[in-house]
Amino acid sequence: MSNDAPGFFGSYGGRFVPPQLETPLAEVAEAYEEAIKDPAFMAEYEALLTDYVGRPSPLFKAQRLTDELGGATIYLKREDLNHTGAHKINHCLGEALLAKRMGKKKLLAETGAGQHGVALATAAALVGLECEIHMGAIDIAKQHPNVVRMQLLGAKVVSVESGGACLKDAVDSAFGVFAADYHDTFFAIGSVVGPHPYPIMVRDFQSIVGREAREQILAKEGRLPDVLIACVGGGSNAMGLFNAFLDDADVKIYGVEPAGRDLGVVGEHAATMTLGSDGMLHGMKTIVLQDEQGEPTAVHSIASGLDYPGVGPQHAHLKETGRVEYVHASDAETLEAFQLLCRTEGIIPALESSHALAHAMRIAPGMGSDEIIVVNLSGRGDKDIDYVAERLAELDS
Ligand SMILES: *Cc1c(COP(=O)(O)O)cnc(C)c1O
């Protein structure tokens, strides 16, 4: 396949799926292309972003954090203030509206810790579609509150007992249902990953984040930021912020992935960009943490939204071209950053977003006070407080 084939970013991306999924995914791509050219569709989407999600999200100057670190001025893009508390609702609403436009009855997805499942169940309730979420049995036991949320929102949560009963098995299970029943269902992927058109479609629905941030920083400072920072799991909040700045060569861009407990031990981190290699995962060619047989390895992060052994193909390409620099933050650095933001700004950040903050803490002191960093605060941390309290108690004892 050539590099300018649809859905490729350089040599990454594409659509590598079993033959029975080729047609349904081509239909999604075609419907998406039509929808984004339809002013009525975009107007409905944008009205919901305003009135339902609460956009635009503020770009907040974190003055006490800036003073504490003593260098560059730090701004936070407050995706944590969206309805449902994170950026995921931006693309879930887009996918739900597209499914409805295509005449589908049901939204279908996998979820790991449940964040994507909750955002999608929310969008399904709003738009008036059924919702079926596949979740590993082990994750169901660990993430009880999110299971309850999805059920309250009217979703059916399917417990996946096969394999390791985790995210990877939930993906396989949901794909199986989609292949059998694609006439009535829409597969709604939770990040800029998977086969074409999902990496492009999810990026486009998230790109509102960067467009707003660009306008907001120009209004406040009269110029573009020097640095952008976002955490990278699959990479949707990062692509959402980065997309509007990719052509601005003077804006330095960092993606931060989880170094977990130990970068030297397989299964103790999820540093895909740092330690992965080219491979195939979930219908795309990308960078993958894999063993010698090409099977994805076990991963760990203190932030469950980041423990994915792959990354969106556009990120793999942005690494290859050098436009974005990918760095990592450990669980310990992330906990430090989490606490610092709580105490300096009265904001409890998601552990995922705290990875991006950790990198800001690292570089801000070495930058000039006339320089500007924008950090994407992808979500709020209320979901993480019990876990953080346990970890801090462990560190104390
Ligand atoms: C899911 C999640 C992430 C990771 O997903 P991306 O696709 O990499 O953005 C990051 N932050 C929060 C708050 C999340 O819920």
Could you tell me the separation between the CZ atom of Arg214 and the CG atom of Asp248, rounded to the nearest 0.5 Å?
-> 4.0 Å
Rounding to 0.5 Å, atoms CG (Leu241) and CD (Gln206) come to a distance of 10.5 Å
For Asp307, the salt bridge (charged side-chain N to carboxylate O under 4.0 Å, His left out) test, sequence neighbours excluded, returns none
Would you indicate whether the side-chain heavy atoms of Asp250 and Leu224 approach each other to under 4.5 Å?
-> no
Could you state whether Ile133 and Phe175 fall into the same hydrophobic cluster, counting links through intermediate Ile, Leu, Val, Met, Phe, Trp or Tyr residues with side-chain heavy atoms under 4.5 angstrom apart?
-> yes
Assess whether side chain to side chain contact (heavy atoms under 4.5 Å, CB included) is satisfied between Arg223 and Ile217, documenting all intermediate values.
-> CA-CA 7 Å; Arg223 66 180 188 90; Ile217 199 73; over 6 Å; no
Are Lys156 and Gln151 linked by a side-chain donor-acceptor pair shorter than 3.5 Å?
-> no
Does the Ser191 side chain pair with the main chain of Val193, one donor and one acceptor, at a distance under 3.5 Å?
-> no
In this structure, CG of Asp184 is separated from CG of Leu129 (nearest 0.5 Å) by 11.0 Å
Should the pair Lys285 and Tyr12 be classed as cation-pi, given the thresholds of under 6.0 Å to the six-membered ring centre and 45° from the axis?
-> yes
Can you check ring-ring contact (aromatic ring centres under 6.0 Å, His included) on His91 and Tyr198, steps first, answer last?
-> CA-CA 10 Å; His91 68 250; Tyr198 291 94; over 10 Å; no
Separation between CZ (Phe16) and CE (Met280), nearest 0.5 Å, reads 4.0 Å
Partners meeting ring pair (Phe, Tyr, Trp, His ring centres under 6.0 Å) with Tyr254 (sequence neighbours left out) | His359
Glu257 side-chain N/O to Thr274 backbone N/O, donor-acceptor pair under 3.5 Å = yes
Please indicate whether Glu215 has more than 12 foreign heavy atoms, meaning atoms of other residues, nucleotides or ligands, lying under 6.0 Å from its CD.
-> no
With sequence neighbours left out, what residues match Phe245 under ring pair (Phe, Tyr, Trp, His ring centres under 6.0 Å)?
-> none
May I ask you to check whether Gln290 and Thr297 show a side-chain donor-acceptor distance below 3.5 Å?
-> no
Hits for salt bridge (charged side-chain N to carboxylate O under 4.0 Å, His left out) against Glu22, two or more places apart or cross-chain, chain-then-number order -> Arg15
Aromatic ring pairing Tyr45/Phe41, orientation class (parallel under 30°, perpendicular over 60°, tilted between) = parallel
Hey, is the main chain of Ser378 close enough, under 3.5 Å, to the side chain of Asn237 for a donor-acceptor pair?
-> no
Going by chain and number, the hydrophobic cluster around Ile302 (ILVMFWY, side chain to side chain under 4.5 Å) further includes Leu335, Phe338, Ile348, Leu351, Ile385, Tyr387, Val388, Leu392, Leu395
Could you list the residues that satisfy ring pair (Phe, Tyr, Trp, His ring centres under 6.0 Å) with Tyr32, not counting sequence neighbours?
-> Phe205
Taking everything shown except Asp370 itself, do over 12 heavy atoms lie less than 6.0 Å from its CG?
-> yes
Got more than 12 heavy atoms from elsewhere within 6.0 Å of NZ, Lys142?
-> no
